[in-house]
Amino acid sequence: MKIMLKRLIIALIIIITAILLFSGCSSSREEAAGSPDEVLTIIWKGGETEIKVSEIMDLDCLEKEISAIDSENEDCVRTVKGVLLEDVLNNYIGIGMSDIYSIRFTAGDGYAIEIPPEIVQKREIILAYEMDGEPLEEKSKPFRAVIPDERTMYWVKNLAEIELIEGHVINKVTGIVFIESLTKVLATEDYDYYGSIDRAIPAADLLMEFREEDEQDFIIIVSSDGLEKNEDKEIFKGGFLKIDGEDSPAFLDPEIPKGMWLKDIFAIFYGQTAYISAVQSIEMFENTPVEGKDGVWIKEILEKAGMEEYSNYLMRALDGYSVEVSSLDLEDGVLYINEDGQICTYFEEMGKKYVIKDLVSIENKK
Ligand SMILES: Nc1nc2c(c(=O)[nH]1)N[C@H]1C(S)=C(S)[C@@H](COP(=O)(O)O)O[C@H]1N2
Ligand SMILES: [Mo]
């Protein structure tokens, strides 16, 4: 009898160990799952598909150690358990990763970010329900999008919606507008930025939509450190552009998660226009001295803004003054900010008419 009991206990131990060992992904499924009816929405070609979170969790699971780049730009290692987005798309939408261009993840807390095409094509995208051996925190459930070797700003918690984007029409830039000059004539308001009272404009006031040939539903923001981000046009228009003080120009909105704010903006692209910061240009490009100030070559700004080469350009000042300059002459043009904070041009050996104060735009001269 005693021996039988012992055998039974041993058998039980073996069975329990086996369950623990081989159940793999399902062990944490119950804990990971939120409410049973919770759904994830996928948008593709205008159609919405709602998929039960519990069904997604029944797909093949994967568990692996991965590295990431955190918000301080440091490498870190995490273990994740979840399902591949690719499997979800295969099973429920009938498409593969190569059928899509980019992806916009939206969270239940309002955080949203577009994953650029280079990342979508190159990386695995995991819908994780467990990290570092623990189910996600309540506020991150049901899934956190995880993209190995990329910044954690792409790792969207509390995932609610996945919009699959087929492509973006990127317009040719035919003109640049200087943010610091344009915003001088726009109505500003006080903006409390971590205790400093700075000036901001409603971001919607920046976009000169009349200049555009086509409507576009997104804008592209490039920071001076090279970070490039697409943002939904309506989200952008609902926020503010802080134009002075620390980190300016900066896109902010107290009503959206801070992770969506952007500082040190070099350029905002909308349609055929690039809105450029002269202040950030001077930070970014090699300086050449003008009138005792740090200047930068205008040509370099135009190149970085992706402006086409034209035979002639029209430079305009805030007061309406304008002057035409050839592509060749533009090579000698320098931009700087004078004592009064005005954006000015200087063309060596080209006479007074090329000296512009409060330069606001440079366009192709048709
Ligand atoms: N739902 C949601 N996901 C989010 C954010 C957020 O505000 N909400 N912030 C993002 C940003 S900007 C960063 S840097 C990381 C922070 O991840 P951590 O909390 O694991 O450090 O989460 C990303 N995912
Ligand atoms: Mo972040």
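Order of appearance sets the numbers: ligands from 1, and atoms from 1 within every ligand. Computed from heavy atoms alone, side chains included, the values below leave out hydrogens, waters and symmetry copies. Residue indices begin at 1 and follow the sequence shown.
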Which protein heavy atom lies closest to [atom], and at what distance to 0.1 Å?
atom                    : answer
atom 24 (N) of ligand 1 : W155 O, 2.9 Å
atom 23 (C) of ligand 1 : T152 O, 3.3 Å
atom 4 (C) of ligand 1  : Y111 CD2, 3.6 Å
atom 17 (O) of ligand 1 : R144 NH2, 3.0 Å
atom 19 (O) of ligand 1 : K157 NZ, 2.8 Å
atom 14 (S) of ligand 1 : S71 CB, 3.3 Å
atom 2 (C) of ligand 1  : D109 OD2, 3.3 Å

Report task. Assess the side chains of E308 and N364: does a donor N or O sit below 3.5 Å from an acceptor N or O? Result -> no

Residue [X] vicinity, atoms of ligand 1 by number, heavy atom under 4.0 Å:
X    : answer
A107 : 1 (N)
M153 : 11 (C), 12 (S), 13 (C)
P257 : 7 (O)

Query - ligand 1 contact by R151, heavy-atom criterion under 4.0 angstrom - result: no

Requested in this report: Answer yes or no for D70: is there a heavy-atom contact with ligand 1 below 4.0 Å?
Outcome: no

Query raised in the report: Would you say atom 9 (N) of ligand 1 has a protein heavy atom nearer than 4.0 Å?
Result: yes

[atom1] of [X]: more than 12 outside heavy atoms within 6.0 angstrom?
X    : atom1 : result
E324 : CD    : yes
E209 : CD    : yes
K52  : NZ    : no

Could [X] and [Y] be called an ion pair, given the rule that one side-chain N must be under 4.0 Å from one carboxylate O?
X    : Y    : value
E231 : K237 : no
E38  : K141 : no
R78  : D132 : yes

Query raised in the report: Is it true that the NZ or CZ of K304 lies under 6.0 Å from the centre of F266's six-membered ring and within 45 degrees of the ring axis?
Result: no

**Report entry** W297 six-ring face occupied by K299 cation (under 6.0 Å, within 45°)
**Finding:** no

